[in-house]
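Here is the structure we will look at.
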Amino acid sequence: MHLILHDLPQEAASKLLPAQGGAVKWFGASPAVKPCVGCFCCWLKNPGECIIPDRGQQFCHLLAKADAFTIVSRCFYGGLSPDVKATLDRFIGHVLPWFTTVNGEMHHVPRYDRKVKLTYHLYGDITEPERETALRLAAANAVNLHAARHTVRFYAEADELEVL
Amino acid sequence: MKIAFINGSPRKSKSVSSFLLKSLQEKLPGCEISDGWAGPFDAIVFAFPLYVDGIPSTLLRELAAHERGLPAGARAYALVNNGFYEGKQNAVAITILRNWCARAGLEWGQGVGVGAGGMLQTVSVPVGRGPLKSLGRALDALAQNILTLGSGGDIFTSPNFPRRLYMIAAEIKFRMTVRKNGLKRRDVDRRLEE
């Protein structure tokens, strides 16, 4: 399944994203889900799923089934938009609390065997330093999500998005 | 000197960020420190936990709301902590904040990335001693820069404590919480329907 997390208005999403159904599933980040409060319940009390009862709970269920994970977001300061980030912050249960070492650094053990293909489509007025930051962010996220590989694309306007 | 402290942790007063701000405040004698965005101020210090290699969405939203109207030329500093051992893993989040500063018309001061955040309040030694020795040095350097409204390269600190032991200690703490929550070890590894 291809999971697309996006912050586009409904009309733009219908025009710019691959149609939903079958192998494609969208998760609209707006209006935002409740923010992660750092309670660690998704590791230690309700493993795998966020305990905050809103639609953000569905995000980990979808990510568990995804082999491709695409993020479509307006770029904020070389990072993601607040709405997209609020969703992604709820992903922690996707990994286990236990630790391992990756590339000589401490990281979490994956909960699932499947490795996603991670793609970022970032749009907006993005400065050169912000592009560099976004590339580093995607690389760091790819390690923590245990992605098989990752790609980043930039667009000046959302209208130019080419999400396959 | 007027300094604004922004605690960007959703856990607020219980947070490691709060602990780090208090530890920093002790090294800023004679400064007028206020909590929150209200100006005027000469310096602004952000403390927040690393969330998925970036800034928690709650603080990110506040930053976006304050892109205009802050005291031009004020210096911004950051104290970012993560649960992993290596403070260096906070580097990208510090850069995101730095990019925000460029848009908000603030001058960049310095970022400090603190590893093993969860451990800081559980060890019974003062900052600057034992496992918190390198943290103490980093906070000293940061405080020195703030007091002179200066800038400096990012500093990344890991505890003066072996990584392997930190990983074991953190996992023991997790296991204790799991048991307290009435779960078994194997429950923790459960998978949602794939």
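Chain letters run A, B, ... following the sequence lines, proteins first and then strands; every chain starts at 1.
Both the backbone and the side chain of A/Thr127 come within contact range of chain B, with heavy atoms under 4.5 Å apart. If you measure heavy-atom distances from B/Ile55 to chain A, the contacts under 4.5 Å come from the backbone alone. Both the backbone and the side chain of A/Leu88 come within contact range of chain B, with heavy atoms under 4.5 Å apart. With a threshold of 4.5 angstrom between heavy atoms, B/Arg103 approaches chain A through side-chain atoms but not through N, CA, C or O. Both the backbone and the side chain of B/Ala91 come within less than 4.5 Å of a heavy atom of chain A. Looking at B/Asn181, only its side chain comes within 4.5 Å of chain A, counting heavy atoms on both sides. For A/Leu62, no part lies under 4.5 angstrom from a heavy atom of chain B. Of the two parts of B/Ile96, the backbone and the side chain both hold a non-hydrogen atom closer than 4.5 Å to a non-hydrogen atom of chain A. Contact annotation for A/Cys41: neither backbone nor side-chain heavy atoms come within less than 4.5 Å of a heavy atom of chain B. Contact annotation for A/Leu135: neither backbone nor side-chain heavy atoms come within less than 4.5 Å of a heavy atom of chain B. For chain B, no part of A/Asp67 is nearby; none of its heavy atoms comes within less than 4.5 Å.
Annotation: B/Trp37 is in aromatic contact with B/Phe46 [ring centroid separation under 6.0 Å]. Checked against a 6.0 Å centroid threshold, the rings of A/His107 and A/Phe99 do not count as neighbours. For an aromatic pair to be called close, the ring centres must be under 6.0 Å apart, and A/Phe59 with A/Phe27 satisfies this. In this structure, B/His66 has its ring center at least 6.0 angstrom away from the ring center of B/Trp100.
Annotation: B/Arg185, atom CZ; neighbour count of heavy atoms from other residues, nucleotides and ligands within 6.0 Å is above 12. The environment of B/Met1 atom CE is dense: over 12 non-hydrogen atoms of other residues, nucleotides or ligands sit within 6.0 angstrom. Heavy-atom neighbours of B/Glu32 CD from other residues, nucleotides or ligands within 6.0 Å: at or below the threshold of 12. For CD of B/Gln121, the number of neighbouring non-hydrogen atoms (other residues, nucleotides, ligands) closer than 6.0 Å is greater than 12.
A/Asp89 places no side-chain N or O within donor-acceptor distance of the main-chain N or O of A/Pro35, the cut-off being under 3.5 Å. The backbone N or O of B/Trp108 sits less than 3.5 Å from a side-chain atom of B/Arg75, completing a donor-acceptor pair.
Most heavy-atom pairs under 4.5 Å with chain A, from the set B/Thr177, B/Val178, B/Leu59, B/Thr95: that is B/Thr95. Heavy-atom pairs under 4.5 Å with chain A peak, among B/Arg11, B/Gln89, B/Arg163, at B/Gln89. Note on B/Arg98, B/Lys88, B/Glu86: by heavy-atom pairs under 4.5 Å with chain A, the leading option is B/Glu86. With chain B as partner, the option from A/Lys45, A/Lys85, A/Met106 having the largest number of non-hydrogen pairs under 4.5 angstrom is A/Met106. Taking B/Val92, B/Thr58, B/Asp53 one by one and counting their heavy-atom pairs under 4.5 Å with chain A, the maximum is reached by B/Asp53.
When side chains are defined from C-beta on, A/Thr70 does not count as touching A/Leu3, because their heavy atoms never get closer than 4.5 Å. At least one side-chain heavy atom of B/Arg190 sits under 4.5 Å from a side-chain heavy atom of A/Glu49.
Below 30°, between 30° and 60°, or above 60°: for A/His108 and A/Trp43 the angle between ring planes is between 30° and 60°, a tilted geometry.
Among the residues in residues 8-17 of chain A, none has a non-hydrogen atom closer than 4.5 angstrom to a non-hydrogen atom of chain B.
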